[in-house]
Participant: 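Mind looking over this structure? Questions follow.
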Amino acid sequence: MTKILIETINLKKTYRHSNVNVTLFNNLNLKIKQGDLVALVGPSGSGKSSLLHLLALLDEPTKGDIKINDVYTKKFTDEKKDETRRKNISIIFQDNNLLNDFNAIENVMMPLIIKGENLVNAKKKAQTILKAVKILERSLHFPKELSGGEQQRVAIARALIAETNLVLADEPTGNLDFKTSLEIFSYFLKLKKLKKTIIFATHNRELANRADYKLLISNGDIKRVNAR
Ligand SMILES: Nc1ncnc2c1ncn2[C@@H]1O[C@H](COP(=O)(O)OP(=O)(O)O)[C@@H](O)[C@H]1O
Ligand SMILES: [Mg+2]
């Protein structure tokens with residue numbers, strides 16, 4: 001049986017807006033397996049980003065818990081959360097993914113440098129991956145010298161190099177044309193082949209339909225919908 005990588009247990013998220021509580025979801029019980037490619041869909045404001053932040057342990061649930069690799073995370077200290085994230089999770093946001101003061105290859109090397117891997121090895125690995133995402137020739141460009149699509153590819157390369165089992169992507173193709181979006185998506189398929197789990201929020205129906213299944217959030221409810 002395929003392993004459950006991340007699980008939510010009676011998860012609830014409520015925000016307080018000028019004395020009114022807005023509940024994004026309640027009693028959410030998700031089980032997401034290793035190798036699942038999941039599209040998170042729903043109208044703007046339905047809670048996609050909030051859910052991704054919770055799954056990334058970047059925010060606290062109002063109630064409930066999140067299990068990663070079978071371990072409850074609610075009682076984790078901030079250090080333990082950082083460590084769990086570093087070891088298990090790569091995050092790709094819609095924009096502002098890259099460190100502006102570092103060039104493309106340095107950005108990609110960053111997860112390995114943080115892990116303490118030696119620079120020569122880190123650089124070799126980064127070059128291999130930049131080549132795979134077809135952007136090796138931009139290695140020395142700084143983020144502001146790259147197009148949106150190129151920046152996203154560098155961010156994907158950084159997610160790939162980290163070799164984490166979970167990739168969370170918040171509208172990663174939101175700023176991109178369809179052809180580039182398909183390219184980005186093809187890297188998700190590669191990650192899936194490597195048994196990585198990818199959860200990506202998207203407004204793009206075509207891409208969502210190519211996932212293994214969709215999670216549809218709307219009006220405080222989350223439903224699993226088969227994509228095909
Ligand atoms: N930090 C916050 N404080 C208060 N309300 C928030 C906060 N973050 C998000 N919200 C509210 O939660 C709802 C869902 O937001 P979000 O998760 O960003 O939705 P989506 O990503 O689906 O567009 C929105 O109504 C938003 O205004
Ligand atoms: Mg969002």
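Nothing here was measured: the structure is a model prediction, and the numbers come from that model. Note that ligands are numbered from 1 as they come in the structure, with each ligand's atoms numbered from 1 the same way.
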Participant: Look at ligand 1 and say whether S44 reaches it with a heavy atom at a distance under 4.0 Å.
Facilitator: yes
Participant: Establish whether L168 and L58 are linked, either directly or via other cluster members, by ILVMFWY side-chain heavy-atom contacts under 4.5 Å.
Facilitator: yes
Participant: L28 and Y72: same hydrophobic cluster, using ILVMFWY side-chain contacts below 4.5 Å?
Facilitator: no
Participant: Just distances here: any N/O of L24 and N/O of ligand 1 closer than 3.5 Å?
Facilitator: no
Participant: Give the atoms of ligand 1, by number and element, whose distance to some non-hydrogen atom of K48 is under 4.0 Å.
Facilitator: 17 (O), 19 (O), 20 (P), 21 (O), 22 (O), 23 (O)
Participant: Quick check on the Mg ion (ligand 2): does S49 put an N/O/S atom closer than 2.8 Å to it?
Facilitator: yes
Participant: As an exercise, identify every atom of ligand 1 less than 4.0 angstrom from a heavy atom of P43.
Facilitator: 22 (O)
Participant: Kindly determine whether I89 and I68 satisfy side chain to side chain contact (heavy atoms under 4.5 Å, CB included), including the steps that lead there.
Facilitator: CA-CA 10 Å; I89 308 174; I68 297 179; 4.0 Å; yes
Participant: Would you sort out whether K134 and E183 count as a salt bridge (charged side-chain N to carboxylate O under 4.0 Å, His left out), showing the intermediate values?
Facilitator: CA-CA 10 Å; K134 300 196 193 96; E183 271 175 39; 5.3 Å; no
Participant: Assess the residue pair K3 and K195 against the criterion (side chain to side chain contact (heavy atoms under 4.5 Å, CB included)); give the C-alpha distance rounded to whole Å, side-chain angles, the decisive distance to 0.1 Å, and a yes or no.
Facilitator: CA-CA 10 Å; K3 199 176 147 234; K195 286 269 168 233; over 6 Å; no
Participant: Considering only protein heavy atoms, which is closest to atom 14 (C) of ligand 1, and at what distance to one decimal place?
Facilitator: G45 O, 3.2 Å
Participant: Would you indicate whether D65, at its atom CG, is surrounded by more than 12 heavy atoms from other residues, nucleotides or ligands within a distance under 6.0 Å?
Facilitator: yes
Participant: Considering only protein heavy atoms, which is closest to atom 16 (P) of ligand 1, and at what distance to one decimal place?
Facilitator: S50 OG, 3.7 Å
Participant: Assess, by modelled atom type and distance only, whether the side chains of N165 and K87 contain a donor and an acceptor separated by less than 3.5 Å.
Facilitator: no
Participant: Please write down residue, atom name and distance for the protein heavy atom closest to atom 27 (O) of ligand 1.
Facilitator: H17 NE2, 3.8 Å
Participant: Suppose we measure from atom 18 (O) of ligand 1 to each protein heavy atom; which comes out shortest, and what is that distance?
Facilitator: S49 CB, 3.6 Å
Participant: Considering only non-hydrogen protein atoms, determine which one is nearest to atom 1 (N) of ligand 1 and report residue, atom name and distance to 0.1 Å.
Facilitator: Y15 CE2, 3.7 Å
Participant: Of the protein's non-hydrogen atoms, which lies at the shortest distance from atom 19 (O) of ligand 1, and what is that distance?
Facilitator: G47 N, 3.2 Å
Participant: Would you say T14 and N21 are linked by a side-chain donor-acceptor pair, where the criterion is simply a distance under 3.5 Å?
Facilitator: no
